Amino acid sequence: MKATFPPMHLAGLRWLATACVLLLALPAYSQTPAQTQQEDSRQNTLSAVSLARGNNDSQVVKLVFKNPVGELPIAFTTSNPHRLVLDFPATGSALPRSTEAAEGGSIKNWQVAQAGQRTRVVLNLNGPANYELRMDRNLVLAVLRAIPVSPDTPAPARFAEAGPARAHGIRDLEFRRGKDGESRITVSLSDPGVGVDIKKQGGAIQVEFLNTSLPTPLQRRLDVTDFATPAQLVETFEQGKNTRMLVTPKGKWDYSAYQTGTLFTLEVRSLEGPQADSRDKPQYSGEKLSLNFQNVEVRSVLQVIADFTGLNIITSDTVSGNVTLRLKDVPWDQALDIILRAKGLDQRATGNVIWIAPRDELTAKEKLEKESRQQIAELEDVTTEFIRLNYLRASDAQAIIKGQSLNAAGASEKATCATKAGGIGGAASQPAAATGAGAGQSILSKRGNTSYDSKTNTLFVQDTPSKIKEIKAMIASVDVPSKQVMIEARIVVADDAFGRTLGARLGFQGSASGRGGGAGTRVGLSNTLGGSNTAAAGTGLTTTPTNVNLPATLAVGTLNLSSASTLGFTVINAASTAILGLELQALEADKRGKIVSNPRVITQNQKPAVILQGQQIPYQSSAGGTAGATTTSFVDALLCLLVDPQVLNNDTIILDVEVQKDAAGAAPVAGGAPPINVKRVKTQVRVKNGETAVLGGIFEQELRNDTEKVPFLGDIPILGHLFKSNIKGDIKTELLIFLTPRILDDAVALQ
């Protein structure tokens, strides 16, 4: 057996740090008396340990035993600090001292410790070294050769050293993307004894398969950029008698490698970006270790992991077989998982004790335990428990125990501001009580039963003590005060209106017979045409025939203006009996207004609430025409806020909300209901506690430029204004609805 120590890759190993760790009480395997007697019969004894110089600057450790050695010991290495550990099963120690220092060479000192039927020899080294184990009757030799390592260049991590007489091969190579975004390269080897060296070469990972051939179809360069993993290129080719694989990652990365049987796996993980976040919370969190086992019993490998972790690992009598395992910088819990999956085993942990057995055996035992507990539950006595509830209704608690789900009686879906309008004259209708919906699995046993008393809000449970304990724990988790929410709405109605209108009235009257008697020309000026006529001709002439009647219009779209300013001008020629009258009308209006409504309401979680304010406008109607009876009816003009909040566990609130802002419109039609200007929004929104959401907005703009004129005459420059009427209007109306929910503390809600 040969192996090579990797350099300083494994940091922070806890075990084997001092001689005290060697004296740990190692957990013993479960053995039958026959096995124990057989093991005692083949007990061997370590009688001497000596160090000697070998060829080519090597150092030889000579272990002398009382009886011939049947097989090589279990060997594994650590890299920080550098150690070689040899485990001899069924072996005792007869050495006069347990530790001794060495002078020069690769070995710093050696230590020996015995625990039960096993003896461990630890060789503390000065640095990385190759080792080779040999045995000859009652001798075991460990030959070590130091590996020169440059301080700036990491030495390769060698899994095994293949013998020169053996030829190996690679059967297949696959690349996959792991579930956490890591690169995973798996290589199928011809046999477990292939030697593998791993080292960083520049910005790439170089994997060397020693004395191994590569089929021609596998000699290729794979561009794996599209897999979105740290690895970008995977290149495999033959290098002399070896096969070399180069993996080129990008960014900051780290790697680990392990081998189970003939399957070698290399994983490359990113140390930055979203993949680093998942790496911060790994599936395996144990300390890393490096192991190298060639055809070793599974029970012995599990014992090594128990030594490393300090856990008590108990293996079933049915655990058997050997395993070939090579690990490099792998967490110990991942190493344990790899071993269990390779041999079809599973584990159950209780505290610091881990029970390991075949999956079928564990499943069968768990099934028997459940059946036993079920049989015991069927034989338990039935007792009665009185559970007083503080916040939860007893009827709801009974529904939960029977496996029913609770929900409100559809109040948030059926109720609207229109259906709640009847609450103006009295109390608003309340939502129905919660009712059970859906038949689920009852928590009660077959012999259990429940009832309740609404007056004292007490739940009566009759069942076995174990079931009653389970029911009380569940009721305690749901019998908690419901959160209260204050919902504040702001409804802003703003308008900005501008209107301008110009008009004229023009009249002319003259005699057809020519000149008449008179006293000359008279002029009248007044604010109206009639006033100017009176001023010019006295009380005898109050009106002038109007030939052009295009007065200023007082309605500009939805904007109603007040009366326009007017100017009258009259000219009378008494000699010719000619009368000329002119009235000019002009008006400009600029109106701005804002209405802010601020309704607010407090309600419990998942309990709908409504608040109304407004007026009922009466109107009269006749049932049978003019001769029928007259009745008085009412139409609602309301400000309404209807909400149904649901508080999530992260203090986010989902609101089913309806906001309505109605106002009386123009004058009603005779005998009909008055018009109502309706502004309403109904939606569902998710808002954080204390934040404000804009539920909706309506912006209207009305632009008008109307002209009425006398054809041809109205187009004459300047003078044409006497023959036309002009209206300009710009009306803006905006509606904004803001909603702010706040979760109230109990102390605030009581104020």
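Just so we're clear, the structure is a prediction, and the values are computed from it rather than from any experiment.
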Exercise for review: Mark yes when over 12 heavy atoms from residues, nucleotides or ligands other than Arg686 sit less than 6.0 Å from its CZ; otherwise mark no.
Suggested key: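 Incorrect, the count does not exceed 12.
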
Check your understanding: Near Arg388 CZ, under 6.0 Å, is it more than 12 heavy atoms from other residues, nucleotides or ligands?
Key ->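 For Arg388, atom CZ is not crowded (no more than 12 foreign heavy atoms under 6.0 Å).
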
Minimum-distance pair of heavy atoms, taken over all atoms of [X] and [Y]:
X      : Y      : answer
Tyr258 : Glu267 : OH-OE2, 3.8 Å
Val319 : Ala357 : CG2-CA, 4.1 Å
Val298 : Ser320 : CG2-O, 4.1 Å
Asn598 : Arg490 : ND2-CG, 3.6 Å
Ala394 : Leu459 : O-CD1, 4.0 Å

Check your understanding: Yes or no on salt bridge (Lys or Arg N to Asp or Glu O under 4.0 Å) for Asp87 and Arg118, after CA distance, side-chain angles and deciding distance?
Key -> CA-CA 7 Å; Asp87 276 348; Arg118 186 159 56 93; 3.0 Å; yes

Does any donor atom in the side chain of [X] or [Y] lie under 3.5 Å from an acceptor atom in the other side chain?
X      : Y      : value
Gln462 : Asn449 : no
Asp662 : Gln660 : yes
Glu488 : Thr740 : no
Arg176 : Ser183 : no
Ser445 : Asp463 : yes
Asp360 : Thr363 : no

**Study point:** Which residues share a salt bridge (Lys or Arg N to Asp or Glu O under 4.0 Å) with Lys467, sequence neighbours left out
**Key:**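 Counting only residues at least two positions away or on another chain, Lys467 forms a salt bridge (Lys or Arg N to Asp or Glu O under 4.0 Å) with Glu470.
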
Is a side-chain N or O of [X] found less than 3.5 angstrom from the main chain of [Y], in a donor-acceptor match?
X      : Y      : result
Asp479 : Leu389 : no
Asp651 : Asn689 : no
Asn650 : Thr652 : yes

N/O donor to acceptor pairs below 3.5 angstrom from side-chain atoms of residues 334-343, sequence neighbours left out:
unit_1: Asp337; atom_1: OD2; unit_2: Tyr284; atom_2: OH; d: 2.7
unit_1: Asp337; atom_1: OD2; unit_2: Arg341; atom_2: NE; d: 3.2
unit_1: Lys343; atom_1: NZ; unit_2: Asn322; atom_2: O; d: 3.1

Is [Y] paired with [X] through a side-chain N to carboxylate O contact shorter than 4.0 Å?
X      : Y      : value
Arg177 : Glu182 : no
Lys365 : Glu361 : yes
Asp307 : Arg120 : yes

Exercise for review: List for me each residue that meets side-chain contact (heavy atoms from CB on, under 4.5 Å) alongside Val685, sequence neighbours excluded, and say none if there are none.
Suggested key: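 Partners of Val685 under the side-chain contact (heavy atoms from CB on, under 4.5 Å) test: Leu655, Val687, Ala693, Leu695.
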
Point to revise | Contact check, side chains of Val353 and Ile314, non-hydrogen atoms, under 4.5 Å | key: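 In short, these two side chains touch, coming nearer than 4.5 Å.
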
Practice item. May I ask you to test the Ser256-Arg269 pair for a side-chain heavy-atom distance under 4.5 Å? Key: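 A side-chain contact exists here, since the closest heavy-atom pair is under 4.5 Å.
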
Point to revise | Test of ring centre spacing under 6.0 Å for Phe460 and Tyr452 | key: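 Judged by ring-centre distance (under 6.0 Å), Phe460 and Tyr452 do not meet the cut-off.
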
Point to revise | salt bridge (Lys or Arg N to Asp or Glu O under 4.0 Å) assessment of Arg348 paired with Glu366 | key: CA-CA 10 Å; Arg348 296 295 184 267; Glu366 290 175 349; 2.3 Å; yes

